[in-house]
Amino acid sequence: MITSEVSYLKSSAILKPDDLVRMYRLMLLSRRFTECSLEWYREGRLPHGLHPSIGQEAIGVGACYGLRPGDWVLPSLRTTEAFWTRDVSILQQLNAEMGNAASVSRGKEASHHAGYPGNGILSGTSIVGGSIPVAVGAGLALRMQGTDHVVISFFGDGASNRGDFHEALNLASVLKVPVVFVCENNGYAQTVPASTAMALKDIADRAAGYGMPGLVIDGQDVEAVYQATQSAIQRARTGVGPTLLECKTNRFRVHHPFFEEDRSPDEVARCWERDPIEILGARLKEKGWLGQADIERMEQQIRQELEEAIREAEAVPTPTPEEVFTQIYAESLGEMGL
Amino acid sequence: MITSEVSYLKSSAILKPDDLVRMYRLMLLSRRFTECSLEWYREGRLPHGLHPSIGQEAIGVGACYGLRPGDWVLPSLRTTEAFWTRDVSILQQLNAEMGNAASVSRGKEASHHAGYPGNGILSGTSIVGGSIPVAVGAGLALRMQGTDHVVISFFGDGASNRGDFHEALNLASVLKVPVVFVCENNGYAQTVPASTAMALKDIADRAAGYGMPGLVIDGQDVEAVYQATQSAIQRARTGVGPTLLECKTNRFRVHHPFFEEDRSPDEVARCWERDPIEILGARLKEKGWLGQADIERMEQQIRQELEEAIREAEAVPTPTPEEVFTQIYAESLGEMGL
Amino acid sequence: MRLLRGNQALCEALTQEMTQDERVFVMGEDVAAHGGIYRVTEGLLTCFGPTRVMDTPISESGFVGLAVGAAMLGMRPVVEIMSCGWITVAMDQIVNSAAKVRYVNNGGMHVPVVIRTVISGSGNVYTGQELEAWFFHVPGLKVVAPSNPYDAKGLLISSIRDPDPVIFFEHKSLYSMRGEVPEETYVLPFGQAKVRREGSDVTVVAYSGMVAVAEEAAHELAGEGVEAEVIDPRTLVPFDKKTIVESVCKTGRLVVVHESVRRGGVGAEIAAAVIDSDAFGYLRAPILRVTNPGVPIPFSATLRKIVSPGKDEVVAAVRRVMAYA
Amino acid sequence: MRLLRGNQALCEALTQEMTQDERVFVMGEDVAAHGGIYRVTEGLLTCFGPTRVMDTPISESGFVGLAVGAAMLGMRPVVEIMSCGWITVAMDQIVNSAAKVRYVNNGGMHVPVVIRTVISGSGNVYTGQELEAWFFHVPGLKVVAPSNPYDAKGLLISSIRDPDPVIFFEHKSLYSMRGEVPEETYVLPFGQAKVRREGSDVTVVAYSGMVAVAEEAAHELAGEGVEAEVIDPRTLVPFDKKTIVESVCKTGRLVVVHESVRRGGVGAEIAAAVIDSDAFGYLRAPILRVTNPGVPIPFSATLRKIVSPGKDEVVAAVRRVMAYA
Ligand SMILES: Cc1ncc(C[n+]2csc(CCOP(=O)(O)OP(=O)(O)O)c2C)c(N)n1
Ligand SMILES: Cc1ncc(C[n+]2csc(CCOP(=O)(O)OP(=O)(O)O)c2C)c(N)n1
Ligand SMILES: [Mg+2]
Ligand SMILES: [Mg+2]
């Protein structure tokens with residue numbers, strides 16, 4: 001099944017006003033967290049900076065919102081939203097961004113590839129596309145263990161050009177693994193436009209090559225993402241098989257603060273015309289489910305949480321030197337490591 | 001463009017009776033060469049045995065027949081026919097099967113991955129699928145050099161599940177490389193049926209994922225293969241881009257003589273119902289272009305050529321021991337190799 | 001005791017572990033219906049069914065990645081890569097996924113996966129490659145290389161039970177080698193070398209397919225009055241440095257034998273580690289290595305014989321170190 | 001003479017070679033429009049146009065394969081893999097395609113390709129990996145690792161002109177390092193070490209980013225009256241064993257420094273090769289290695305400092321060998 005237009009499967013999953021407001025808050029939190037992180041990075045308060053998800057917030061929130069405990073996700077380098085939606089706290093992620101002694105990896109890995117087993121988040125690698133087969137394997141385990149849990153694998157348009165994408169989707173389809181592939185197509189891989197990297201319009205069209213449904217979703221519409229993912233999750237849970245969801249989106253910022261922006265100001269400005277937070281906000285206001293005052297309260301709350309968290313994170317010491325040698329293996333090899 | 005049925009592009013390339021008789025002879029030669037090689041291997045006269053192409057002869061012959069000097073091919077482990085069609089002699093390939101001092105690699109590589117630069121044949125590797133990007137690179141070079149030459153990349157159904165297939169086809173399409181991808185879909189990778197390895201009927205459907213036309217061809221019909229390849233070659237030569245041709249075929253024998261046959265005798269017998277040599281033979285007889293007597297003469301000639309060649313090949317000495325150390329690098333590193 | 005071939009010993013290890021631990025499963029090309037091209041997984045499909053014994057497409061990177069993901073969620077996958085010559089296509093999943101998970105999660109997740117692969121020093125330039133040195137170089141991976149059926153069974157069971165990713169090298173000659181193998185389940189600890197033969201004149205370290213070659217050489221040398229101590233480290237990571245250093249302190253001479261390429265091979269590390277150990281002061285001769293001299297394995301059998309180290313080369317090396325000073 | 005940063009020196013090498021040889025072309029991620037994330041390919045797109053300077057999809061295995069195929073038909077591709085941490089995905093094309101073509105064709109075809117990649121010992125567990133030892137182990141590959149802008153330019157030009165596949169390691173610190181670089185085109189021969197500093201007490205071998213560290217250490221040691229001879233092999237394959245062996249014959253002491261992991265690293269081979277050389281009889285102390293001790297590069301800068309070898313570790317190792325006997 002191939003859809004070459006923006007569309008999504010109908011689903012019975014109903015989002016109540018409360019849910020939508022919660023989704024709005026998650027997106028807003030992610031936006032502010034990212035902005036602050038970039039700011040704090042510029043100020044030297046954070047060591048590395050992150051890959052800003054600004055403009056793409058609807059994808060991680062919409063896809064993860066309906067997950068159940070016991071389900072798993074494997075975020076891309078940019079799916080910051082997966083963490084919030086799966087209840088990782090600001091403090092946890094700031095600790096991770098700092099690599100301090102309270103971070104989940106105790107300074108061994110950065111925030112964007114951090115794993116939180118307690119929250120159903122698998123750690124990814126820096127190798128673009130390399131985590132897609134790992135996510136499929138996690139799904140395989142869940143099925144072998146007799147559960148009806150599912151895995152969501154997030155990755156970018158660029159990752160879909162890696163051999164691992166191909167092998168993973170083919171394996172998932174032929175083994176009917178309960179996994180949902182969510183491609184965050186922001187049209188770029190670092191500085192290279194997708195049009196330079198592939199000769200097709202919709203990555204969703206790749207699904208047919210694995211005998212899998214592929215759908216194009218409006219990645220700026222959190223409800224659309226939610227509904228499509230829910231259908232795909234349902235398909236996965238019931239053992240029918242995996243689905244590829246291509247969420248069309250835009251990267252509103254440069255790839256990473258290390259980079260210079262090559263895109264024209266015009267092109268970047270056009271991205272902002274469809275801000276997922278604005279889109280949901282307008283809808284909620286229209287329905288009367290969220291007022292300007294509510295939003296301001298939310299903003300204030302978030303700002304306060306962020307400030308408390310950074311203060312708290314900055315008070316945490318760095319890991320102790322000896323820790324660098326632990327957890328390479330289950331046991332220390334000592335002299336047997338040569 | 002996707003065709004999910006057996007079909008092929010119409011082409012203006014016209015095969016004259018002479019051409020068809022020559023194609024018949026090439027297929028017959030390949031069949032007898034392979035049968036003899038297997039026999040000689042059993043008798044210990046050849047050291048390794050080959051991957052029998054019996055039943056698949058129409059593909060290599062049909063695809064390579066219309067190539068021009070200056071075009072290149074990169075055969076799969078089973079495209080024995082590419083060698084004959086590009087004028088490699090029986091003796092050359094027997095020397096290669098023996099790895100003797102007259103073999104093109106001087107004993108360094110076996111026949112099925114031999115390169116014959118003079119005949120426009122690139123060497124492949126033992127790594128299934130690994131040669132597909134290499135073939136694309138050859139095509140890229142031909143275009144950069146300002147020629148209108150093309151490359152044919154042969155590979156099996158199993159190879160289409162490798163990441164390199166994905167990356168190579170995507171690169172070829174986006175760079176509009178003059179290459180034709182010919183997938184020899186014999187339904188098996190060693191002992192694993194394609195139905196276990198992928199959840200789709202037609203590998204041609206994968207082409208859409210690269211923005212490339214994909215066509216299903218009757219791989220038992222040498223004329224169909226020829227016509228479809230000619231159209232695809234035309235498309236490549238004129239700079240329009242690559243094409244994926246899926247040739248449906250059957251492997252009439254076991255993967256390699258090292259293996260035991262897992263398929264039922266029934267299944268194997270069914271393969272023989274569509275023997276490409278019989279199919280073309282019947283057509284030629286019907287048209288009156290080839291009589292039974294011609295065929296018998298051909299058989300006899302081929303048998304004689306084979307016997308002369310094996311005798312000649314057996315008289316060639318093995319390479320001299322020192323040769324094992326040459327051509328690792330352009331120059332001998334001596335002590336600088338450590 | 002009962003004699004088994006190496007492939008039978010490995011198959012028994014898999015069968016026993018799959019019986020006692022339902023988290024263990026097997027994945028690879030031709031491993032299910034066909035029983036493995038070297039018959040190591042024979043009968044497993046019948047015993048354990050298609051959900052635990054899976055034939056895969058030709059997607060080594062993909063299915064190693066799957067195994068890593070499954071292991072992260074508590075399974076114990078054993079995957080087969082039919083030849084070390086194309087483990088090259090799965091390096092990323094092995095090195096960046098499997099080997100790093102424990103570290104980046106500070107132990108919060110780990111990857112108990114076993115990757116079985118076949119080495120041989122025969123075949124051709126591709127399939128003849130023995131690349132254990134690559135994995136040896138990567139923190140986070142354990143590397144196992146049994147030399148006989150008894151060790152193969154015990155080490156495979158230990159590998160499956162080990163909490164870390166293990167690259168398990170099976171030399172083709174192991175499959176047809178017969179040896180005594182107990183029926184019951186047993187484990188062999190990692191990092192314990194086996195002194196295959198005691199001797200006081202020279203220490204010969206060899207692993208995998210070269211242990212038999214070293215033993216043959218030792219036998220011949222004994223006829224000349226030279227007593228070689230043959231040591232098989234059995235696991236390369238962890239590595240039993242102590243046993244080897246003690247032996248060299250005793251003999252004062254060391255020859256290292258491996259079938260893989262010399263430059264940057266495991267033998268270089270063994271030599272370098274011994275040099276930087278208590279044995280330094282005891283060394284009476286240079287440390288020699290008997291290895292592939294740096295040649296791709298050619299197709300011609302005549303040429304191939306020149307490349308792979310055999311008994312004669314080991315004997316010659318020992319004679320050289322014995323002649324020293 | 002004119003001072004250039006390392007990335008400028010490399011860019012100049014590419015520009016000059018592309019100007020004088022139209023077979024040379026460049027391929028990789030972000031190399032064209034962006035000019036390379038480390039600015040090594042800056043301006044090439046403007047000079048040579050999109051057919052000779054190509055941005056690729058994230059398909060390292062694919063485009064390395066393309067480069068091999070193009071090289072087989074007479075082109076001279078230079079491809080960039082942005083971090084050695086994911087050269088893992090291209091191992092098969094490098095080792096089985098590029099490295100074997102000459103041999104399997106008995107010289108009838110060959111692969112003059114250059115694969116540039118970046119090492120750093122910083123970043124994280126993935127990007128911090130320095131895997132030169134893997135390539136060092138593979139017959140058919142040449143391995144180059146310049147330590148300064150002058151060598152970088154000359155060695156890159158030599159690499160492009162070399163008929164064999166070259167893996168060209170660029171340490172991140174090289175890009176910002178300034179050094180004298182002649183404007184004209186020049187080549188540096190492979191297999192010729194550079195004695196960076198003469199000394200009679202101890203030989204210190206270091207390459208790539210560690211040469212500067214070794215020189216710093218030598219400077220400090222000179223203050224203590226210890227004269228270290230610092231040697232940069234510059235190319236690891238071919239390797240200038242002679243210069244190092246002669247130096248060790250003179251000094252009697254050897255310390256090898258590399259930023260990559262110790263176990264199975266290039267340093268092991270250097271030590272093992274020296275042991276099995278004329279220098280054996282001259283060695284007055286064990287050969288020490290100063291390396292990453294076998295730890296993935298952690299994200300935390302505090303932790304990272306512990307892992308990467310610095311001046312102090314080199315000084316300490318030299319003091320240890322000086323104290324010996
Ligand atoms: C295999 C590999 N090649 C290159 C890189 C460098 N790199 C990091 S992020 C990135 C772009 C990824 O693009 P995409 O998958 O579209 O995700 P996005 O950054 O747009 O969210 C690249 C090329 C890498 N990390 N891994
Ligand atoms: C990467 C890799 N995996 C496994 C193998 C072992 N192997 C050799 S041929 C083959 C089957 C190839 O199947 P297909 O591509 O369909 O070609 P066919 O043999 O059917 O012609 C396999 C699995 C290999 N050579 N390379
Ligand atoms: Mg993108
Ligand atoms: Mg097949």
Atom OH of B/Y41 with >12 non-hydrogen neighbours under 6.0 angstrom: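 Enclosed.
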
Residue part contacting chain B, namely of [X], when any heavy atom lies under 4.5 Å:
X: D/T51; result: backbone
X: D/E22; result: neither
X: D/V138; result: backbone
X: D/F63; result: both
X: D/D164; result: side chain
X: D/P163; result: side chain
X: D/D92; result: side chain

Close approach to chain D in [range], criterion heavy atom under 4.5 Å:
range: residues 164-183 of chain B; answer: B/D164, B/E167, B/N170, B/L171, B/L175
range: residues 85-96 of chain B; answer: none
range: residues 137-163 of chain B; answer: B/G137, B/A138, B/L140, B/A141, B/L142, B/M144, B/Q145

Which atom pairs, donor and acceptor, lie under 3.5 Å between side-chain atoms of residues 124-131 of chain B and protein residues at least two apart or in another chain?
unit_1	atom_1	unit_2	atom_2	d
B/T125	OG1	B/I127	N	3.0
B/S126	OG	C/N124	ND2	2.9
B/S131	OG	B/T125	N	3.2

Between B/H48 and B/H256, ring centroids under 6.0 Å: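 Yes, ring centres under 6.0 Å apart.
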
Options B/S105, B/A330, B/S123, B/G334, ranked by heavy-atom pairs under 4.5 Å with chain D, top entry: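 Among B/S105, B/A330, B/S123, B/G334, the one with the most close pairs to chain D is B/A330.
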
